[in-house]
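Encoded as structure tokens, the structure appears first; notes follow it.
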Amino acid sequence: MPRHYRLLYFASLRDCAGCDGETVATAATQPRELYAQLAQRHGFALAPERLRVAVNGEFANWDRALADGDEIVFLPPVSGG
Amino acid sequence: MPRHYRLLYFASLRDCAGCDGETVATAATQPRELYAQLAQRHGFALAPERLRVAVNGEFANWDRALADGDEIVFLPPVSGG
Amino acid sequence: MSAFRLSDQILDAAGLSRELASASAGACVGFEGWVRNHNDGKAVQKLAYQAYAPLALAEGERIMAEAAARFAIERAICVHRTGELAIGDLAVWVGVSAAHRDAAFAACRYVIDEIKRRVPIWKNEFYRDGASGWLHPDGSPVEG
Amino acid sequence: MSAFRLSDQILDAAGLSRELASASAGACVGFEGWVRNHNDGKAVQKLAYQAYAPLALAEGERIMAEAAARFAIERAICVHRTGELAIGDLAVWVGVSAAHRDAAFAACRYVIDEIKRRVPIWKNEFYRDGASGWLHPDGSPVEG
């Protein structure tokens with residue numbers, strides 16, 4: 001049974017996805033697998049090594065178990081300041 | 001023939017001399033000699049090693065030759081900022 | 001009010017500075033990041049910041065707490081702009097008060113360095129030649 | 001206007017800061033020295049600064065020129081108060097703008113350190129117990 005995740009996109013990933021966010025239904029159970037699917041669908045060129053992951057508003061690692069309804073953000077290299 | 005120098009006093013030397021400045025007539029020809037005379041007269045406790053000398057608005061050394069009419073300041077350790 | 005804040009309005013450095021006042025503070029160091037008219041050899045016309053606000057606020061607040069723990073400071077505040085900015089606009093402001101200047105300088109530097117390194121905020125530069133681009137922290141472009 | 005100034009009036013940090021503006025500057029670091037309510041374990045009520053103005057201005061200007069020569073900065077200004085100050089008053093202000101923050105931080109620190117070390121300005125602290133005293137740079141009292 002697929003799970004539903006809420007994705008938010010920022011910076012170059014937002015431009016590439018063409019949207020601020022989306023809800024996806026997928027069999028992926030951790031961020032690594034999820035990003036691979038999204039990268040293929042949207043054509044993201046950034047390798048996972050260049051990104052950080054946030055789940056429900058906190059930093060998380062790539063192998064963390066995801067739960068139905070989680071908010072997930074793949075964070076491009078930051079450039080504030 | 002004695003020379004006349006214009007002395008300005010700051011900080012603890014001003015408090016000790018009891019005046020902002022004075023004109024003195026003396027046979028002293030360089031700052032070291034002049035300070036020794038003034039220290040004796042006013043009871044200055046600061047040793048020359050703790051002071052710097054300025055002549056006519058610029059730093060000078062203790063053995064510099066003084067000219068009649070020079071403005072001389074013995075500078076206590078500074079504490080701005 | 002929180003020590004780390006995001007704002008989509010023009011920042012009032014003087015007003016922020018007044019929040020740092022303390023009778024036992026002898027030193028206050030402020031950092032202002034301004035929008036520069038050039039980067040990496042290109043003429044910049046304006047820029048826009050995006051932030052992932054919930055995490056930016058949480059991570060920013062952690063950095064402020066780290067600064068307070070590491071350095072003998074009295075108060076510290078950082079505000080980062082979001083949205084569109086013009087050349088000369090204040091993009092980020094950091095202010096730190098302390099009894100002595102060593103701690104104020106060190107903490108102010110620590111805060112701006114960590115903010116730039118860790119807080120999820122992104123800068124999009126719009127160049128005079130019509131191009132635009134998201135930047136890495138080192139100023140080089142990010143490929144989507 | 002000179003880069004180093006003396007003032008017997010309340011300092012306007014925001015107005016001074018505006019003089020540092022430059023479209024090619026990306027960083028601005030400011031230092032404010034405030035009158036602290038304590039020093040060396042004693043409760044301070046107010047203080048007074050005396051300056052040997054002609055030499056203070058000349059030496060201050062030399063320090064500003066050194067900072068401009070040593071660091072890649074755009075503009076730098078320092079203003080030091082004279083006369084009587086109350087707790088919390090701004091005693092000295094240093095502001096430096098630069099393309100990048102390394103130079104702005106380094107130059108601002110250089111200026112305040114050298115000003116305190118070299119410029120003929122003296123601080124007289126008035127204590128709550130009625131005593132007063134001229135201070136050394138290390139905060140210990142000067143005997144006349």
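Quick caveat: nothing in here was measured; it's all calculated off a predicted structure. Throughout, a chain's letter reflects where its sequence line sits, starting with A, and its residues are numbered from 1.
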Q) Would A:Phe10 and C:Trp134 satisfy ring-ring contact (aromatic ring centres under 6.0 Å, His included), going step by step from the backbone distance to the final call? A) CA-CA 10 Å; A:Phe10 292 94; C:Trp134 294 98; 9.3 Å; no
Q. Given A:Arg41 and A:Glu22, is the salt bridge (Lys or Arg N to Asp or Glu O under 4.0 Å) satisfied, shown in steps?
A. CA-CA 13 Å; A:Arg41 174 139 64 91; A:Glu22 62 182 338; 3.4 Å; yes
Q.
Before you tell me yes or no, could you show the steps for C:Phe105 and C:Tyr110 under ring-ring contact (aromatic ring centres under 6.0 Å, His included), namely the whole-Å CA-CA distance, both residues' side-chain angles and the distance that decides it to 0.1 Å?
A. CA-CA 9 Å; C:Phe105 271 103; C:Tyr110 179 82; over 10 Å; no
Q) Would A:His42 and A:Tyr9 satisfy ring-ring contact (aromatic ring centres under 6.0 Å, His included), going step by step from the backbone distance to the final call? A) CA-CA 11 Å; A:His42 293 301; A:Tyr9 298 120; 5.7 Å; yes
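- When heavy atoms are compared at a cutoff of 4.5 Å, C:Ala48 does not approach chain A at all.
- Only the side chain of C:Tyr49 comes within less than 4.5 Å of a heavy atom in chain A; its backbone stays farther off.
- For A:Leu75, the parts sitting under 4.5 Å from any heavy atom of chain C are the backbone and the side chain alike.
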